[in-house]
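Worksheet: the structure to be examined is printed underneath.
Residue numbering restarts at 1 for every chain, and letters A, B, ... go by the order of the sequence lines.
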Number of protein chains: 2
Amino acid sequence: MLNVRSAEERPTGRDRTPVADQTARARIRDAAVLRFATDGFGASVRAIAKDAGVSPGLVMHHFGSKDALRELCDEHVLARIRELKNENIDHAAAGGNFLQTFASAEENAPILGYVLRSMQDGSALAREFVDHMIRDAVQYTEHAVATGLAVPSRDEAARARYLTLSALGALLLEVTLDPPEDPSDLVAILNRFMAASYLPLLELYTEGFLTTRRMLDDYLMYVTDPPDRTAAAESA
Amino acid sequence: MLNVRSAEERPTGRDRTPVADQTARARIRDAAVLRFATDGFGASVRAIAKDAGVSPGLVMHHFGSKDALRELCDEHVLARIRELKNENIDHAAAGGNFLQTFASAEENAPILGYVLRSMQDGSALAREFVDHMIRDAVQYTEHAVATGLAVPSRDEAARARYLTLSALGALLLEVTLDPPEDPSDLVAILNRFMAASYLPLLELYTEGFLTTRRMLDDYLMYVTDPPDRTAAAESA
DNA sequence: CAACATGCTACACACGCGTTCAGTCGCGAG
DNA sequence: CTCGCGACTGAACGCGTGTGTAGCATGTTG
């Protein structure tokens, strides 16, 4: 898919190599994904062009505008994610640890970094990605409940959503507060985060946190029969 | 470190119009906090000046630079948070729902928005705020364990950190993916998020998620006696 | 060989940014 | 009253940005 080996920059025109046009586009696109992942979406077209070894004008020539370039990057990243997912669908089905599987390969670090930047940014890509993760989580938890591996919930959809948001959110916050200089460090950071969080996560998932059902029962009582409407609706 | 009440220093001057000098500074500062919360830290000095009803030059005259203005905003927000915390220390001690208590007042929406923007940005303020929340969580959980309200953890610090990161991260992700147009909507969004997440959170905290201890035991076994060192240390 | 097509570059333009500066206004002091 | 001083303004500067455009170099074609 991407020009790993022989495709260096060719400053002036192409000779043989009928894919010259294609590779230039792809080179710029990959450089943009990496730059966006590294510096955020404020990265300049000039920096991307420099990384790709071309002039800024060529970027416009191929993509029309920076926004169009970013949209294409979004599509590319999303397609790559789907690809990786299909490849590792057996692994991912194990426990929803799709992130870990596709972050374990260092070559995917730019993709992961791009997705995280999108989450910081709140773009459509991020929404789509998170929605996708939530839909997957619904399937996983349903399956886990059916096989007796997980306790049932009063609202499976809400639980799947919460579990996904909290897991992704914790990772996002961690990476944001302690960002890697090099996207390839992302893998290391993610591993460090997993190492620090996996025990409390497993504890929480298997042993819970509270010893008493009082808070939960109180809340359930409150939901089915709110004691005071005005207090709940005063600022809505 | 921080000017608690309304009386700041008066660098030069006369005491007629006792608040004229002061109000200008404060008005710009408050406008900056609000703008930063609304538009992020890319907001222009011109926009802030316009909101405050002054010229851009005056902003520089008072604060020296945009970065200095932001640092002062950070200090102001942090001081305000400490204030609110001391006011509601009894409420906050209930269950760590400090966020809810100080987000319930609509007047604090800019403060909350500013903190969330800082988290997106990963600034020092965000780090300090999160660290503070984690330290509080350690105290709360310790107290909860001591009174038998919470189950003990094999690593209290790691659990407190994970619980805090997941809660704040979920909120951050929610707000980022579905940002409010008006910071005052933040309260509504936070309430909506709480409404959607509180049930699964309580379920998870009291009933857990997994029915079997196998994953936890496997992990504990793995930690104390790693089956394969190379796989774990290959990319560290 | 001459004409054309095209991947690509160098340059330029308009814009918004943070920041600077000369100058005005209002007011207390001598 | 005059003076000085500090808050304050409006215009400008320098810079970096995204984005057009003219032109160069090269491969292809009649």
Side-chain angles (χ1 to χ4, degrees), chain A residues 3 6-33 35-36 38-74 117 121 123, chain B residues 7-33 35-36 38-74 117 121 123:
Chain A
N3 39 7
S6 66
E8 281 94 333
E9 79 300 329
R10 186 178 330 281
T12 67
R14 72 277 185 269
D15 45 351
R16 212 42 65 100
T17 67
V19 288
D21 172 31
Q22 223 290 326
T23 43
R25 271 184 69 101
R27 217 169 55 232
I28 295 172
R29 191 234 298 133
D30 290 344
V33 169
R35 261 288 149 202
F36 284 149
T38 307
D39 297 351
F41 295 105
S44 71
V45 174
R46 285 171 170 83
I48 294 168
K50 195 173 184 180
D51 291 348
V54 300
S55 71
L58 189 62
V59 178
M60 311 309 297
H61 178 256
H62 276 306
F63 301 94
S65 74
K66 184 184 178 181
D67 284 343
L69 170 62
R70 179 175 168 182
E71 277 182 31
L72 203 134
C73 286
D74 278 10
R117 285 290 183 191
D121 188 66
S123 71
Chain B
E8 270 97 302
E9 77 302 317
R10 180 176 341 281
T12 70
R14 65 275 195 254
D15 55 340
R16 188 49 57 118
T17 63
V19 288
D21 171 31
Q22 217 287 327
T23 41
R25 271 185 71 102
R27 216 170 53 233
I28 294 173
R29 191 235 299 134
D30 291 344
V33 169
R35 261 288 149 199
F36 284 149
T38 308
D39 297 352
F41 295 104
S44 70
V45 173
R46 285 173 170 83
I48 294 168
K50 195 173 183 181
D51 290 349
V54 300
S55 71
L58 189 62
V59 177
M60 311 309 296
H61 175 67
H62 277 305
F63 300 94
S65 74
K66 184 184 178 180
D67 284 344
L69 170 62
R70 179 175 168 183
E71 277 182 32
L72 202 136
C73 287
D74 278 10
R117 285 291 183 190
D121 187 66
S123 71

In whole angstroms, how far is the [atom2] atom of [N] from the [atom1] atom of [X]?
{"X": "B:D39", "N": "C:dC17", "atom1": "CG", "atom2": "P", "value": "11 Å"}
{"X": "B:F41", "N": "C:dC17", "atom1": "CZ", "atom2": "P", "value": "17 Å"}
{"X": "B:L69", "N": "C:dT19", "atom1": "CG", "atom2": "P", "value": "10 Å"}
{"X": "A:K66", "N": "C:dG16", "atom1": "NZ", "atom2": "C1'", "value": "14 Å"}
{"X": "A:R35", "N": "D:dT17", "atom1": "CZ", "atom2": "P", "value": "11 Å"}
{"X": "A:F63", "N": "C:dC8", "atom1": "CZ", "atom2": "P", "value": "11 Å"}
{"X": "A:M60", "N": "C:dA12", "atom1": "CE", "atom2": "C1'", "value": "15 Å"}
{"X": "A:K50", "N": "C:dT9", "atom1": "NZ", "atom2": "P", "value": "14 Å"}

Quick check for you: among C:dT19, C:dG18, D:dT9, whose closest atom lies nearest to any side-chain atom of B:S44?
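Output: C:dG18.
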Of the listed nucleotides (D:dC8, C:dT19, C:dC8), which one gets closest to any side-chain atom of A:L58?
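In terms of side-chain proximity for A:L58, the closest of D:dC8, C:dT19, C:dC8 is C:dC8.
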Do A:R25's NZ or CZ and the ring of A:F63 fall within the cation-pi criteria of under 6.0 Å and 45°?
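The answer is yes, since A:R25 meets both limits relative to A:F63.
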Taking the six-membered ring of B:F41 as reference, does the NZ or CZ atom of B:R70 fall below 6.0 Å from its centre and within a 45° cone about the axis?
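So B:R70 does make the cation-pi contact.
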Does any N or O donor sit under 3.5 Å from an N or O acceptor when you compare the side chain of A:R46 with the base of D:dG16?
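There is none.
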[N] phosphate, OP1 or OP2, under 4.0 Å from [X] side-chain N/O:
{"X": "A:H62", "N": "C:dG7", "answer": "no"}
{"X": "B:S55", "N": "D:dC8", "answer": "no"}
{"X": "A:H61", "N": "C:dC8", "answer": "no"}

Side-chain contact test, heavy atoms from C-beta onward, threshold under 4.5 Å: evaluate it for A:S55 versus A:L58 and give yes or no.
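A side-chain contact exists here, since the closest heavy-atom pair is under 4.5 Å.
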Please work out if B:A47 contacts a base, only the sugar-phosphate, or nothing of the nucleic acid, heavy-atom cut-off 4.0 Å.
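Nothing, no nucleic acid heavy atom in range.
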Base, sugar-phosphate, or nothing: which does B:A68 touch, judged by heavy atoms less than 4.0 Å apart?
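No contact at all - B:A68 keeps every heavy atom at 4.0 Å or more from the nucleic acid.
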At what distance, to the nearest 0.5 angstrom, does SG of A:C73 lie from CD1 of A:I28?
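Separation between the atoms: 10.5 Å.
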With side-chain contact (heavy atoms from CB on, under 4.5 Å) as the test, pick out the partner of B:L69 among B:V45, B:V59, B:V33.
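Among the candidates, only B:V59 passes.
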